[in-house]
Amino acid sequence: MKNHKNLHVRIVEYENLLAAYKDVRRGKKMQGSTLAFHANHESRLLDLRDELLSGSWTPDPFREFVSLGEVKRRVIHAPTLRDRVVHHAIVRVVQPLFERKWIYDSYACRKGKGTHAAAERTRKFLRGAEATLPRPYVLQIDIAKYYASISHAVLMEQIERTVADPRVLDLVESILSGFAPGGVGIPIGALTSQMFANVFLDDLDRFAKQCLDVKRYVRYMDDIVVVDGKDRLRAILPEIRWFAEARLRLRLNPKTRIYPASRGVDFCGYRLWTSHVRPRKRTVQAAKKRFGRLSRAYAKGRATLEDIRPRVMSFLGYIERCDGRETARSVLSRLVLRKERWK
């Protein structure tokens with residue numbers, strides 16, 4: 001059922017824009033762009049509200065950079081701070097409408113979900129399959145160049161099933177066309193893109209669960225794990241491939257495969273078995289590089305203990321959920337907090 005309430009009015013309320021700004025500012029209070037905006041943030045937010053009310057707001061060009069936080073090279077397109085406020089304001093109001101419709105086992109970018117919950121759910125499904133099947137297998141699905149392949153036309157049709165306010169739809173179209181005028185692709189680095197990406201694959205989730213009657217199904221963004229018998233998975237895969245290509249205009253990555261569950265499932269940053277969990281090699285390599293860079297930044301005075309502490313706590317939170325004590329020692333040995341001495 002579509003929501004016909006005044007979503008646009010709720011999005012542009014000053015209180016919502018202020019809350020969105022606080023979300024954007026969190027953890028970035030000392031950045032130059034944040035300091036500049038904050039110096040006169042109340043009048044800036046009021047000006048932004050006037051633009052949104054009049055329909056004159058248009059997104060600024062995205063800032064492009066290469067992420068160095070992962071082993072895998074990733075090109076990020078980040079909105080300006082002012083535009084990030086708009087993205088957050090939209091998500092604060094609109095995402096709850098979609099949350100009511102999304103399946104339980106979609107875990108990316110949702111409150112109360114996340115990688116740890118997805119990993120635990122996968123282990124639960126592995127244990128259930130092990131108890132009922134002679135030899136459980138895993139179908140692991142990955143979408144090729146997912147964000148870059150999302151069709152604006154298909155996405156807008158999906159959004160319109162839930163959002164009826166034409167002014168909100170105009171805002172969404174402005175964001176999409178501002179990034180990719182050709183009608184395909186959404187930016188990695190925008191909060192709305194996380195919501196759009198979940199909306200886009202919800203159709204596939206429902207096709208798998210309702211039409212194919214798949215029971216053990218977990219999705220984290222464009223990574224999908226299905227646990228079942230080998231023959232059953234061989235029958236499911238062509239159906240999912242057809243739906244992705246014909247209905248969503250997506251292509252499955254060649255890494256999509258079926259394999260015995262006994263090999264362990266590489267998913268959400270972990271290697272998962274029913275009996276134990278190990279840290280993923282690529283995640284460990286990324287952490288080592290990250291702590292090495294933080295050490296150099298600290299030595300040169302470009303990072304503080306306040307910057308470093310949450311990174312350490314995040315890594316420890318990750319490692320405590322698996323069998324990785326020795327790995328933790330190895331990774332944290334890369335973090336050397338020593339200031340350079342100037343002669």
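Because only heavy atoms are used, hydrogens play no part in the values below, and waters and symmetry mates are left out as well, while side chains stay in. Given the structure is predicted, the values throughout are model-derived calculations rather than measurements. In this chain, residues are counted from 1 in sequence order.
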Do [X] and [Y] make a side-chain contact, defined as non-hydrogen atoms from C-beta onward lying under 4.5 Å apart?
{"X": "Val163", "Y": "Leu169", "result": "yes"}
{"X": "Ser330", "Y": "Lys288", "result": "yes"}
{"X": "Asp223", "Y": "Val218", "result": "no"}
{"X": "Ile76", "Y": "Glu64", "result": "no"}
{"X": "Tyr147", "Y": "Ser193", "result": "yes"}
{"X": "Ile103", "Y": "Tyr217", "result": "yes"}
{"X": "Pro59", "Y": "Ser174", "result": "yes"}
{"X": "Leu248", "Y": "Gln158", "result": "yes"}

How would you list all residue pairs meeting ring-ring contact (aromatic ring centres under 6.0 Å, His included) that involve residues 277-323, not counting sequence neighbours?
->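 Only Tyr270-Tyr318, Phe291-Phe315 qualify under ring-ring contact (aromatic ring centres under 6.0 Å, His included).
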
Minimum heavy-atom distance [X]-[Y], with the two atoms named:
{"X": "Leu126", "Y": "Ala261", "result": "CD2-CB, 3.8 Å"}
{"X": "Gly114", "Y": "Tyr220", "result": "C-CE1, 3.7 Å"}
{"X": "Pro279", "Y": "Val284", "result": "CB-CG2, 3.8 Å"}
{"X": "Arg84", "Y": "Pro79", "result": "NH1-O, 3.2 Å"}
{"X": "Ala197", "Y": "Ile186", "result": "N-CD1, 4.3 Å"}
{"X": "Met156", "Y": "Val172", "result": "SD-CG1, 3.6 Å"}

Run the numbers on Val168 and Val94 for side chain to side chain contact (heavy atoms under 4.5 Å, CB included), then give the verdict.
-> CA-CA 9 Å; Val168 177; Val94 173; 4.2 Å; yes

N/O donor-acceptor pair under 3.5 Å between [X] side chain and [Y] backbone:
{"X": "Gln194", "Y": "Cys109", "answer": "no"}
{"X": "Thr162", "Y": "Ile159", "answer": "no"}
{"X": "Gln140", "Y": "Asp266", "answer": "yes"}
{"X": "Ser106", "Y": "Trp102", "answer": "no"}
{"X": "Ser314", "Y": "Pro310", "answer": "no"}
{"X": "Asn253", "Y": "Ile143", "answer": "no"}
{"X": "Arg63", "Y": "Ala78", "answer": "no"}
{"X": "Asn6", "Y": "His8", "answer": "no"}

How long is the straight-line distance from [atom2] of [Y] back to [atom1] of [X], given to the nearest 0.5 Å?
{"X": "Thr192", "Y": "Asp83", "atom1": "OG1", "atom2": "CG", "result": "10.0 Å"}
{"X": "Arg263", "Y": "Leu272", "atom1": "CZ", "atom2": "CG", "result": "16.0 Å"}
{"X": "Arg271", "Y": "Arg278", "atom1": "CZ", "atom2": "CZ", "result": "8.5 Å"}
{"X": "Leu201", "Y": "Ile224", "atom1": "CG", "atom2": "CD1", "result": "6.0 Å"}
{"X": "Ile141", "Y": "Ile240", "atom1": "CD1", "atom2": "CD1", "result": "3.5 Å"}
{"X": "Thr122", "Y": "Phe125", "atom1": "OG1", "atom2": "CZ", "result": "7.5 Å"}

Is the distance between the ring centroids of Phe207 and Phe243 under 6.0 Å?
->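 Ring centres of Phe243 and Phe207 closer than 6.0 Å.
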
Enumerate the residue pairs fulfilling salt bridge (Lys or Arg N to Asp or Glu O under 4.0 Å) with a member in residues 128-153, sequence neighbours excluded, ordered by first and then second residue.
->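 Qualifying pairs: none.
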
May I have all residue pairs that pass salt bridge (Lys or Arg N to Asp or Glu O under 4.0 Å) and include part of residues 40-61, sequence neighbours excluded?
->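 Those involving residues 40-61 are Glu51-Arg82.
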
Looking only at side chains, do Arg92 and Asn16 share a donor and an acceptor under 3.5 Å apart?
->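 Note: Arg92 and Asn16 side chains meet the donor-acceptor criterion.
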
Any side-chain donor paired with an acceptor under 3.5 Å for Asp307 and Thr304?
->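 Side chains of Asp307 and Thr304: pair found under 3.5 Å.
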
Per the salt bridge (Lys or Arg N to Asp or Glu O under 4.0 Å) rule, which among Arg121, Arg219, Arg216, Lys215 passes with Asp105?
->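 Result for salt bridge (Lys or Arg N to Asp or Glu O under 4.0 Å) with Asp105: Arg121.
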
Intermediate values then yes/no, side chain to side chain contact (heavy atoms under 4.5 Å, CB included), Arg167 and Val9 = CA-CA 9 Å; Arg167 301 190 72 183; Val9 172; over 6 Å; no

State plainly whether one hydrophobic cluster holds both [X] and [Y], where clusters connect Ile, Leu, Val, Met, Phe, Trp and Tyr through side-chain heavy atoms under 4.5 angstrom apart.
{"X": "Tyr259", "Y": "Trp273", "value": "no"}
{"X": "Leu52", "Y": "Leu46", "value": "yes"}
{"X": "Leu133", "Y": "Tyr137", "value": "no"}
{"X": "Leu53", "Y": "Leu48", "value": "yes"}
{"X": "Leu316", "Y": "Leu335", "value": "yes"}

Can you check side chain to side chain contact (heavy atoms under 4.5 Å, CB included) on Val184 and Arg249, steps first, answer last?
-> CA-CA 10 Å; Val184 179; Arg249 308 179 193 176; over 6 Å; no

Carboxylate-amine/guanidinium contact Lys124 Glu120, below 4.0 Å |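 Not counted as a salt bridge, because no side-chain N and carboxylate O are separated by less than 4.0 Å.
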
Side-chain ion pair, Arg329 and Glu326, N-O less than 4.0 Å |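 Answer for the salt bridge query: yes.
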
Residue Arg251 excluded, over 12 heavy atoms near CZ under 6.0 Å =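 Count not over threshold, so no.
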
Pairs meeting criterion side chain to side chain donor-acceptor pair (under 3.5 Å) with involvement of residues 228-243, two or more places apart |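 Applying side chain to side chain donor-acceptor pair (under 3.5 Å) to every pair that reaches into residues 228-243, excluding sequence neighbours, yields nothing.
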
Between Lys113 and Tyr104, is NZ or CZ placed under 6.0 angstrom from the six-membered ring centre and within 45° of the ring axis?
->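 Because its charged atom sits under 6.0 Å from the ring centre and within 45° of the axis, Lys113 does stack over Tyr104.
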
Show your working on side chain to side chain contact (heavy atoms under 4.5 Å, CB included) between Leu191 and Ile90 and close with a plain yes or no.
-> CA-CA 9 Å; Leu191 184 68; Ile90 292 170; over 6 Å; no

Quick one: name the residues clustered hydrophobically with Phe179, using the 4.5 Å side-chain heavy-atom rule over I, L, V, M, F, W, Y, and just say none if it's on its own.
->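 Hydrophobic cluster check, Phe179: joined to Phe62.
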
Mind checking what makes salt bridge (charged side-chain N to carboxylate O under 4.0 Å, His left out) contact with Asp202, not counting sequence neighbours?
->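 With neighbours one apart ignored, the set is Arg206.
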
